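Shown next, in structure tokens, is the structure this report addresses.
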Amino acid sequence: MTSPRFPVLCHREIPSISSSWPPSIWTLDCHSITPIPQASRAFPGRLAELRAGFGMKLSWGRWSSYRGKLRKNFFVKVSASGDPVTSETDSVPNEAVGAGKGDPFNHFRGVISSLPPVVFVMKRNPGANFVIGFCIATAIFFIVGRVYAARNAMYDRPGSVADLVRRGQLRSDRRGISTPLKYEDPFNNPLVKVGKKNSTVEMCGKVYRLAPVTLTKEEETIHKRRRSRAYQWKRPTMFLKEGDTIPPDVDPDTVRWIPANHPFATTASDIDEDLAQTNVYQKHGVPFRIQAEHEALQRKLEALQREERLDKLVIDRGNAKDFERQFKFQAKSQDVEQGPPFKPSKSDFSPSPAESNSSSEEIQKS
Amino acid sequence: MLSLQLLPASPSSSSIRFSAPFNLISRTLKPHSSRTRFRTAAVPVQSVLQWNRKPQLAGETPRVVVITSGKGGVGKTTTTANVGLSLARLGFSVVAVDADVGLRNLDLLLGLENRVNYTLVEVLNGDCRLDQALVRDKRWSNFELLCISKPRSKLPIGFGGKALVWLVDSLKSRQEGCPEFILIDCPAGIDAGFITAITPANEAVLVTTPDITSLRDADRVTGLLECDGIRDIKMIVNRVRTDMIKGEDMMSVLDVQEMLGLALLGVIPEDSEVIRSTNRGYPLVLNKPPTLAGLAFEQAAWRLVEQDSMKAVMVEEEPKKRGFFSFFGG
């Protein structure tokens with residue numbers, strides 16, 4: 001059975017081999033992977049036969065191409081059964097009939113199971129090799145290109161993360177972790193390009209149309225006048241707590257009332273204005289409050305030294321060592337615990353700063 | 001780094017005038033997209049790029065710039081961090097002051113939260129010197145941060161504004177040189193913190209978003225700034241979405257400008273990387289590859305240096321012309 005769309009030639013007489021006839025033969029044999037022996041090249045009449053199930057039978061096809069001096073003929077043979085070499089010419093018509101008569105599904109399964117032994121035979125012609133290689137490379141390139149284009153088309157879903165990658169906002173390999181960098185040249189940004197007519201700008205791969213700003217000085221002045229009429233305001237210079245009385249020489253419009261429970265502002269200050277100004281202007285030396293606290297402490301110490309109480313503040317080194325040993329040697333401290341309870345006096349816990357520092361460091365090291 | 005500049009507008013642009021001034025912002029806050037479109041089409045766009053040069057500093061140093069908005073959450077702190085670091089990258093010495101007394105966040109955006117030991121309140125009290133309270137950024141050593149107070153401490157508001165004036169004076173006379181820029185991150189609202197923050201400033205950057213709530217507050221704040229004597233006010237329109245503008249769901253930048261009547265310092269597109277950069281404590285302008293918003297912040301910083309304003313804005317996205325090899329992903 002033949003299909004009208006695929007006219008089948010069960011047999012076709014092939015012209016005999018001549019100098020102008022096929023320099024190469026490309027045979028597709030569905031039966032086996034066995035390469036067609038050299039003899040097949042001597043029989044160019046075996047061109048191509050494609051036999052398909054479901055009542056379709058494709059047989060001989062021939063592709064010929066002539067290009068310049070190279071003349072090539074490709075012959076493809078696809079057959080479902082039979083010996084590709086010996087009994088091919090005989091068996092093909094019978095099978096073609098059988099295929100039409102038998103179960104098309106089984107036959108199609110047979111066809112599928114035998115797919116796709118491809119035998120590639122060509123005449124040993126270096127020019128032809130080059131052309132065929134070129135064709136294969138072109139085909140591979142085309143397939144890769146199509147796959148790449150399809151993958152790009154997949155990213156066209158609007159609003160996805162891939163969109164950000166395409167816009168250059170995200171790097172696909174490190175999504176969301178853009179590299180912290182130091183710009184090599186902040187004055188030359190290749191991601192911004194202005195169109196030739198200066199009416200478009202391309203930023204981060206997207207082209208934007210530009211429109212001129214049309215605000216004129218007159219319009220700005222009109223707006224300023226409008227605002228000066230609408231908003232009349234004097235900056236507050238006096239901040240008073242709610243409930244305070246306004247001083248007599250102060251414009252009430254310049255008073256700002258600060259509630260007592262204002263979250264971040266207070267009218268009270270423990271430092272006067274002149275001193276605050278001096279503190280801001282200070283460039284070197286110890287800050288005022290630090291120095292004041294230091295001096296206060298110094299005075300306190302001096303006062304204490306003058307009293308007898310200061311003698312008690314002097315460290316008893318023996319007691320201090322006992323205290324350190326408690327932390328250093330647990331065994332010994334346990335012994336101490338077993339013994340009479342160690343109750344250091346208050347003065348024992350107030351070593352000199354140097355001593356306390358060293359002991360704390362030792363504790364940290366241990 | 002480059003900036004978009006426009007050549008002097010053609011005479012035809014001057015023929016377009018306001019039909020009526022705004023009387024009340026609440027009545028006039030409507031986008032006039034159709035008129036804007038018409039005007040856009042009438043005036044040719046000519047922009048010139050500035051390639052490969054450092055921007056020329058205009059004005060007297062230190063330039064004390066307050067970054068304010070009125071409404072909260074529009075991107076004041078993000079703008080301060082990114083513009084500040086952009087200026088530092090351009091080679092200028094910058095001191096950023098977080099004047100948001102109650103709710104400071106600038107240190108978080110810059111990733112310096114663990115290095116803030118002293119604030120201006122401690123300086124005032126004499127607990128430390130000013131140079132000890134300035135936190136120098138290790139990435140760009142010409143960028144310093146000063147927080148005005150710790151989150152739970154109260155600022156003696158009686159001389160809060162004066163304290164910032166003293167601060168500016170003190171920075172002017174410091175040994176390593178006067179900083180070129182002092183950026184003050186203003187708190188939201190027009191409360192005592194706002195008054196404190198604007199006190200030393202001689203120019204202002206108003207950050208707004210293209211929505212009417214933000215615009216009303218921005219207009220009010222602009223009025224207060226003008227009453228206070230700050231005349232150099234420019235605006236940054238933040239979180240702009242060209243796709244929504246195209247669909248008439250969002251006011252265009254030109255609509256915003258028509259309502260407020262302020263010069264444009266920058267237009268920042270909505271960018272998902274803002275949240276990521278905040279999470280990381282790394283401002284957008286330091287990201288590689290640069291993001292769209294980061295580029296816009298860079299350009300805004302460029303204009304700030306030169307006291308320039310935008311002459312052309314991006315209005316909508318155009319389909320990119322595909323080349324012959326685009327079939328293969330080219």
Side-chain angles (χ1 to χ4, degrees), chain A residues 145 148-149 152 164 168-169 176 178-181 183 186-189 191-192 194 198-201 203-204 206-216 219-220 222-224 226-228 230-231 233 235-236 239 256 258 263-267 269 271 273 276-277 279-282 287-289, chain B residues 1-2 13 16 18 21-22 39-40 43 45-47 49 52 89 101-102 123-130 154-159 166-167 170 192 195 222-224 226-228 257 261 264 273 276 282 286-292 295 310-318 320 327-329:
Chain A
Y148 185 73
N152 273 359
L164 294 175
Q169 296 193 35
S178 46
T179 318
L181 91 146
Y183 272 5
F187 307 117
N188 186 6
N189 199 330
L191 285 177
V192 183
V194 170
N198 291 328
S199 60
T200 56
V201 62
M203 292 175 76
C204 294
K206 284 198 168 186
V207 180
Y208 293 92
R209 189 167 63 83
L210 290 175
V213 169
T214 52
L215 185 77
T216 59
E219 290 168 358
E220 281 190 50
I222 290 167
H223 277 284
K224 279 184 184 174
R226 173 184 61 81
R227 275 193 288 262
S228 68
Y231 313 116
W233 182 68
R235 183 201 294 178
F239 295 89
R256 190 84 175 185
I258 305 293
F264 59 82
T266 176
T267 54
S269 176
I271 192 164
E273 196 172 317
Q277 187 175 4
N279 289 338
V280 175
Y281 286 144
Q282 186 180 5
F288 161 74
R289 191 178 288 266
Chain B
M1 175 65 195
L2 51 88
S13 65
I16 301 156
F18 264 124
F22 286 6
R39 297 194 313 176
T40 305
V43 183
V45 180
Q46 290 180 318
S47 58
L49 282 175
N52 298 330
R89 277 187 55 235
V101 186
V123 177
L124 290 169
N125 288 335
D127 291 327
C128 67
R129 294 190 311 272
L130 177 60
K154 287 194 174 187
L155 180 72
I157 210 75
F159 46 86
W166 301 334
L167 167 72
S170 181
I195 296 161
T222 310
L224 301 186
E226 285 170 350
C227 289
D228 198 48
Q257 195 179 28
L264 265 173
E273 273 292 333
R276 291 196 185 92
Y282 233 90
L286 297 181
N287 275 14
K288 186 178 182 181
T291 62
L292 207 58
L295 289 173
M310 287 182 86
K311 303 294 188 298
V313 293
M314 297 190 300
V315 282
E316 64 184 21
E317 193 180 341
E318 281 192 344
K320 192 176 179 182
F327 177 74
F328 299 108

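The sequence lines fix the lettering, A, B, ..., with proteins before strands; numbering per chain opens at 1. All values derive from a computational prediction rather than experimental measurement.
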For a quick test of reading the model, state the closest non-hydrogen atom pair linking [X] to [Y] and the distance between them.
X	Y	answer
Pro287(A)	Gly126(B)	CB-O, 3.0 Å
Tyr281(A)	Trp166(B)	CE2-O, 3.4 Å
Val280(A)	Leu124(B)	CG2-CD2, 3.6 Å
Asn125(B)	Phe288(A)	O-CD2, 4.0 Å

Legend entry - Counterpart residues, salt bridge (charged side-chain N to carboxylate O under 4.0 Å, His left out), relative to Arg289(A) (two or more places apart):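 Salt bridge (charged side-chain N to carboxylate O under 4.0 Å, His left out) check on Arg289(A) returns Asp270(A), Asp127(B).
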
Supply the atom-to-atom distance [X] [atom1] to [Y] [atom2], rounded to the nearest 0.5 angstrom.
X	Y	atom1	atom2	answer
Leu215(A)	Lys311(B)	CG	NZ	10.5 Å
Arg235(A)	Cys227(B)	CZ	SG	11.5 Å
Leu224(B)	Tyr231(A)	CG	OH	8.0 Å

Inset, instruction - Could you tell me which of Gln277(A), Glu273(A), Arg256(A) has the largest number of non-hydrogen atom pairs under 4.5 Å with chain B? - result: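 Most heavy-atom pairs under 4.5 Å with chain B: Gln277(A).
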
Inset, instruction - Run the numbers on Val313(B) and Val213(A) for side chain to side chain contact (heavy atoms under 4.5 Å, CB included), then give the verdict. - result: CA-CA 7 Å; Val313(B) 293; Val213(A) 169; 3.9 Å; yes

Inset, instruction - Sequence neighbours left out, what passes side chain to side chain donor-acceptor pair (under 3.5 Å) with Gln282(A)? Give chain and number order. - result: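 Counting only residues at least two positions away or on another chain, Gln282(A) forms no side chain to side chain donor-acceptor pair (under 3.5 Å).
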
